Amino acid sequence: MMKIINKDTITALATIIISVISGIAALSYSIESSYFPLALIVFMLILSTLLLIRKIDSPTDKTEGLEAEDVKQIKAAALVFGSIVFYVLLTKLVNYEIATFIFLCATIWTLGYQKPIKVIVISFAFTASLYAIFFELLAVARPESYLFY
């Protein structure tokens, strides 16, 4: 008999994995910069561990197992997470503006809005707005990249 994996168990395991990865990344910064993120990560790790323990101790309810719609939502979440990872890597490779424009075009297109001219115009306008706000108005340092500045 196949054991049904509970949605809460999957959520708890995914949150624990994300907490550990985020914690490792936060430790690379100075303690002054990483104090608040580390506090949130520890809190998130404690809650997800408690949820996992609660679900492991409780008897399995077959009505809470994964259904076709749940699998579809998990795949969509994995696609979003994967695209964000790709965006971060692309930002490091090319530069913020090009990576953001490509990411927005792909995301808008994937979400179902498939009018190419409008997708390009919206992506360009949003990228330009972010550039103006953060790099010109607020004078935030641009992320470094390997190919372009």
Side-chain angles (χ1 to χ4, degrees), residues 5-58 64-149:
I5 299 174
N6 187 291
K7 290 185 252 183
D8 289 338
T9 305
I10 292 172
T11 302
L13 289 172
T15 306
I16 289 170
I17 292 169
I18 291 169
S19 297
V20 169
I21 292 170
S22 300
I24 292 169
L27 289 175
S28 67
Y29 298 109
S30 68
I31 192 68
E32 296 85 15
S33 299
S34 63
Y35 176 73
F36 184 70
L38 283 174
L40 288 177
I41 290 166
V42 168
F43 183 68
M44 190 167 67
L45 189 59
I46 290 170
L47 289 179
S48 58
T49 303
L50 290 174
L51 177 62
L52 183 62
I53 290 169
R54 188 180 115 216
K55 283 302 169 183
I56 289 174
D57 287 343
S58 68
E64 290 187 25
L66 291 176
E67 299 172 7
E69 184 63 28
D70 297 329
V71 172
K72 185 178 177 183
Q73 289 178 356
I74 290 170
K75 286 181 181 178
L79 178 65
V80 168
F81 184 72
S83 65
I84 291 170
V85 170
F86 178 73
Y87 169 67
V88 169
L89 294 174
L90 190 62
T91 301
K92 191 70 174 167
L93 180 63
V94 287
N95 69 7
Y96 172 81
E97 294 82 10
I98 295 171
T100 302
F101 177 75
I102 292 170
F103 175 74
L104 288 174
C105 284
T107 302
I108 293 169
W109 189 270
T110 303
L111 291 174
Y113 197 80
Q114 299 183 349
K115 295 183 178 181
I117 301 299
K118 286 190 177 181
V119 168
I120 290 170
V121 169
I122 291 169
S123 298
F124 180 79
F126 196 73
T127 301
S129 299
L130 288 173
Y131 179 87
I133 292 169
F134 286 100
F135 304 131
E136 298 299 326
L137 183 65
L138 298 174
V140 174
R142 291 177 59 206
E144 294 180 16
S145 63
Y146 294 122
L147 299 180
F148 305 105
Y149 178 74

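These values consider heavy atoms only, across backbone and side chains, with no hydrogens, waters or symmetry-generated copies. If you're wondering where the values come from, they're calculated on a predicted model, not measured in any experiment.
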Inset, instruction - For atom CD1 of I117, decide whether the heavy atoms of other residues, nucleotides or ligands shown that lie under 6.0 angstrom number more than 12. - result: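 No, not enclosed.
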Between [X] and [Y], what is the shortest heavy-atom contact and its length?
X	Y	value
A26	L38	CB-CD2, 3.8 Å
T127	E97	CG2-O, 3.6 Å
L93	S145	O-CB, 3.9 Å
S28	A25	OG-O, 2.6 Å

Legend entry - Y96 and F135 aromatic centres sub-6.0 Å: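 Centroid separation for Y96 and F135: below 6.0 Å.
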Inset, instruction - Please determine if K92 forms a cation-pi arrangement with Y146, meaning its NZ or CZ atom is less than 6.0 Å from the six-membered ring centre and no more than 45° off the ring axis. - result: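 So K92 does make the cation-pi contact.
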Legend entry - Stepwise side chain to side chain contact (heavy atoms under 4.5 Å, CB included) test for L79 and T110: CA-CA 10 Å; L79 178 65; T110 303; 4.1 Å; yes
Inset, instruction - Applying side chain to side chain contact (heavy atoms under 4.5 Å, CB included), run through I120 and F101 and close with a yes or a no. - result: CA-CA 8 Å; I120 290 170; F101 177 75; 3.9 Å; yes
Inset, instruction - Indicate yes or no: at least one non-hydrogen side-chain atom of P116 is less than 4.5 angstrom from one of W109. - result: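 They are in contact (side-chain heavy atoms under 4.5 Å apart), so the answer is yes.
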Legend entry - Side chain to side chain, V119 and C105, heavy atoms closer than 4.5 Å: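 Yes - at least one pair of side-chain heavy atoms lies under 4.5 Å apart.
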Legend entry - Passing candidate, side chain to side chain contact (heavy atoms under 4.5 Å, CB included) with S123, options I102, I108, T107: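 Testing S123 for a side chain to side chain contact (heavy atoms under 4.5 Å, CB included) against I102, I108, T107 leaves exactly one candidate, I108.
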Legend entry - Sole residue of L45, I41, I46, L47 in side chain to side chain contact (heavy atoms under 4.5 Å, CB included) with F43: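 Between F43 and the candidates, side chain to side chain contact (heavy atoms under 4.5 Å, CB included) is satisfied uniquely by L47.
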Legend entry - Residue pair E136 / Y131, side-chain donor-acceptor N/O under 3.5 Å: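 Indeed, the side chains of E136 and Y131 share at least one donor-acceptor pair under 3.5 Å.
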